[in-house]
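These numbers were taken from a predicted model, which means no experiment stands behind them.
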Amino acid sequence: KLVIQKLLTMKTLKIVGIVVLALLAILGIVIVMQPSEAHIKRSIVINAPASSIFPEISNYKNFVVWSPWSKMDPGVKQTFEGTDATVGSKMTWDGPKTGKGSQWIEQIEKGKRVRSGMSFEGFEGTSYSEFILEPTTDGTTVTWTYEGQNDGFAGKAMWVVMGAMLSGQYDLGLKDLKQLVESKPAQ
C-alpha cells in the first residue's frame, strides 16, 4: 500500500508540475505577444455640444472632479502649475494608490482636442493621452486615447495587467464625464 501511495503522489506531483510549466509557457507567450507600443482608445457620446465638454477635458482642475483616479485614490495630493487650459499647464500628483507623476498639456485645439504628455515616477519615458471631440447627431463623441511604450519583457508583462485596468478606468472616467456634463444646464 505504501508503495502505491508513493507512486500516486509522485504521479500527482508530476502532473501538477507539467500543468504549472504549461501555464508558465502560455503566460510567457502572452507576454511576448504584447505590442511594444501600448494603445488604448475609448469613446462615448455625450448629449451636449463640444463647448460644454471642452472645459472639463482641457482644465486639470476640472479633470480631477470626474477623473477615475481621484475616486480610486481619495488621499492623492494634486498641484497645478501654469495657466489653466493652455499649452504648458501642468498637474502633478502624489497618492498612496496612484503613486507620483505629472501630466502637462502639449497641444490644444479649442473645442476639438487636447493632447497631454504624462510621466510616472519609477518609469522611464513619456506616455501620451488625448481627448478628441467630434460632433454627432446625438451630441458629441468624446474619444480618450492612451499611447505609451512597452519596453522589453518587463514592460510587456506589466501591460498585460495595466492595459486591461487602464481600459476600464478610461470607460469609468468617460461615464462620469458624461454624467457630469449632461447634468449641467445647456450652454
- Crowding at CD, Glu182 (>12 non-hydrogen neighbours, <6.0 Å): yes
- Item | Lys71, NZ: over 12 other non-hydrogen atoms inside 6.0 angstrom | yes
Once side-chain hydrogen bond (donor to acceptor under 3.5 Å, both in side chains) is applied, do any residues pair with [X], and if so which ones, sequence neighbours excluded?
X	value
Thr86	none
Ser89	none
Ser127	Tyr146
Asn59	none

Taking the side chain as every heavy atom from C-beta outward, state whether [X] and [Y] have any atom pair closer than 4.5 Å.
X	Y	value
Gln103	Lys90	no
Ser43	Val142	no
Val64	Met91	yes
Glu56	Val181	yes
Ile108	Arg115	no
Lys112	Ile132	no
Tyr170	Ile40	yes
Lys175	Ile44	yes

- Take Trp69 and Gln169 through the test side chain to side chain donor-acceptor pair (under 3.5 Å) and record every step on the way to the result. CA-CA 8 Å; Trp69 299 285; Gln169 290 169 334; 2.9 Å; yes
I'd like to know if the side chain of [X] reaches the main chain of [Y], judged simply by a donor and an acceptor atom lying under 3.5 Å from each other, with no hydrogens or angles considered.
X	Y	answer
Ser52	Ala48	no
Asn47	Gly139	no
Thr140	Ala50	yes

- Message: Under 4.0 Å between a side-chain nitrogen and a carboxylate oxygen: does that hold for Asp94 and Lys77?
- Response: no
Nearest non-hydrogen partners of [X] and [Y], listed with the distance:
X	Y	result
Gly111	Leu133	O-CD1, 3.7 Å
Lys97	Met72	CD-O, 3.2 Å
Glu134	Thr143	OE1-OG1, 4.4 Å
Trp144	Pro68	CH2-CD, 4.2 Å

Rounded distance (nearest 0.5 Å) linking atom [atom1] of [X] with atom [atom2] of [Y]:
X	Y	atom1	atom2	value
Gln78	Ser70	CD	OG	4.5 Å
Lys184	Ile53	NZ	CD1	11.0 Å
Ile46	Asp138	CD1	CG	12.5 Å
Lys41	Thr145	NZ	OG1	8.5 Å
Ser102	Glu81	OG	CD	8.5 Å
Leu180	Asp176	CG	CG	8.5 Å

- Message: Let's go through Met118 and Ser129 carefully: what are the C-alpha distance in whole Å and the side-chain angles of both, what is the deciding distance for side chain to side chain contact (heavy atoms under 4.5 Å, CB included) to 0.1 Å, and is it a yes or a no?
- Response: CA-CA 7 Å; Met118 299 178 290; Ser129 173; 3.7 Å; yes
- Query: Under 4.5 Å between side-chain heavy atoms, hopping through other hydrophobics if needed: is there a path connecting Tyr128 to Val114?
  - Reply: no
- Sequence neighbours excluded, every pair satisfying ring-ring contact (aromatic ring centres under 6.0 Å, His included) that has a member inside residues 42-63: Phe63-Trp66
- Qualifying ring-ring contact (aromatic ring centres under 6.0 Å, His included) pairs, either residue in residues 71-120, two or more places apart: Trp93-Phe120
